[in-house]
There are 2 protein chains.
Amino acid sequence: MTSETKLPTRRLDRTDIAILRQLQDNARITNAELARAVNLSPTPCFNRVRALEKLGLFRQHVTLLDAGALGLRINVFIQVSLEQQVEDALRVFEKEIEDRPEVMECYLMTGDADYLLRVVVPDMQSLEHFIVQWLTKIPGVSNIRSSFALKQVRYKTALPLPTVGLTLPSGEETPQEWT
Amino acid sequence: MTSETKLPTRRLDRTDIAILRQLQDNARITNAELARAVNLSPTPCFNRVRALEKLGLFRQHVTLLDAGALGLRINVFIQVSLEQQVEDALRVFEKEIEDRPEVMECYLMTGDADYLLRVVVPDMQSLEHFIVQWLTKIPGVSNIRSSFALKQVRYKTALPLPTVGLTLPSGEETPQEWT
DNA sequence: GTTGAAAGAGGCGCAGC
DNA sequence: GCTGCGCCTCTTTCAAC
């Protein structure tokens, strides 16, 4: 070889993007299938996947379970305000969050500088326990407001990707067509 | 065999739950590894996974990509109110949602009977385009309020599962220890 | 339920174009 | 960058306990 065979480039072409799309939809696709789906032969397809991995684009391969089938009926968004938005209080709160499996998502939000949580529990009793016995006992938590989801209209994990090409951050920015 | 070998039971024991836990964390685990992780030999492990599949517990095996690495910097929650909460208006709105890849999540909420969206876009320009050129043009949409996520403190797809045992819905409910 | 063996498929690396 | 070959591990099935 002259230099590196497939040195991690910051420019993804449409084939790379097609690969990412396929993997977002199906983490268990075989390399042979994937290659067929993106019009490549298995070896170069495999090499591209490895290169994309090296770029750190993959977080995890996961199985999505059916919450309803498992009896997890309650999906609730909880807005949490802290008494003081000093960095220390934030760190404490975020540390507490880590161990609670019912907290599916947690965002630090603009505006009132509070947190938005999405919490999943099987029933109201569990929710009450979560809020009263745990959430309100975190030091610094001042106000809590819950909104219930009546229906999960959409839930997906596949990120929106551009159709044509994509320059990765810390390369310079080019305007891209996002679909 | 006397009747069915492994007829889909509605009762999951701790081994089933251990399997679900492993798969939630790693969709690409091999059956051999999985078996070792849950203290089983490969064959019964494989049979259990197939039984869990038949129960409809698995939604999908997906690859989670790194939004930041792909230049998707903006994560915004949008509350959408409709002029009238007639069923027809809801159906129209939900239908429109389906085709927009930047809508990661959409929930029908209690209270003002509106929707909560989580939208991911690369930049402000894309967000403006999404809201002005598309969202506001859906018939029935009256009010829109956006809140930005400054930081994604936590994002996971693994549902909270009980530690010990679990009776699936449409069997009768027994109180379970949810962790 | 469990273990063990056997066949078929796919991952993965290599040599050549 | 692509193709074709080959090893080797894993999945998946089938017998017996």
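Numbered from 1 within each chain, the chains take letters A, B, ... in sequence-line order.
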**Complete:** From CG of Asn47(B) across to P of dT3(C) the rounded distance in Å is 12 Å
**Item:** Atom-pair distance (CZ on Arg48(B); C1' on dT12(D)), nearest Å
**Value:** 18 Å
**Request:** Calculate the interatomic distance between Leu40(B) atom CG and dT12(D) atom P; express it in whole Å.
**Result:** 16 Å
**Prompt:** Asn39(A) CG to dG1(D) C1': how many Å, rounded?
**Reply:** 16 Å
**Prompt:** Between Ser41(B) and Phe46(A), which has a closest nucleotide on DNA chain C that is more 5'?
**Reply:** Ser41(B)
**Prompt:** Nearest to the side chain of Arg50(A), which nucleotide is it out of dC10(D), dG13(C), dT2(C)?
**Reply:** dG13(C)
**Asked** Just wondering, are more than 12 heavy atoms of other shown residues or ligands nearer than 6.0 Å to CD in Gln133(B)?
**Response** yes
**Message:** Quick check for you: among dT11(D), dT2(C), dG13(C), whose closest atom lies nearest to any side-chain atom of Thr43(A)?
**Reply:** dG13(C)
**Prompt:** CZ of Arg36(A) versus P of dT3(D): gap in Å, rounded?
**Reply:** 14 Å
**Prompt:** In whole angstroms, how far is the C1' atom of dT9(D) from the CG atom of Asn31(A)?
**Reply:** 15 Å
**Asked** Rounded to whole angstrom units, what separation is found between the CG atom of Asn26(B) and the C1' atom of dC10(D)?
**Response** 15 Å
**Request:** Take atom CD of Glu33(A) and atom C1' of dG10(C), then tell me their distance rounded to the nearest Å.
**Result:** 10 Å
**Prompt:** Taking the side chain as C-beta and beyond, is there a heavy-atom pair between Ile131(A) and Ile78(A) under 4.5 Å?
**Reply:** yes
**Leu64(A) and its side chain to side chain contact (heavy atoms under 4.5 Å, CB included) partner, picked from His61(B), Gln24(B), Arg59(B)** = Arg59(B)
**Message:** By the 4.0 Å heavy-atom rule, please label Arg28(A) as base, sugar-phosphate, or nothing.
**Reply:** nothing
**Message:** Atom CZ of residue position Arg28(B) - does it have more than 12 heavy atoms of other residues, nucleotides or ligands inside 6.0 Å?
**Reply:** yes
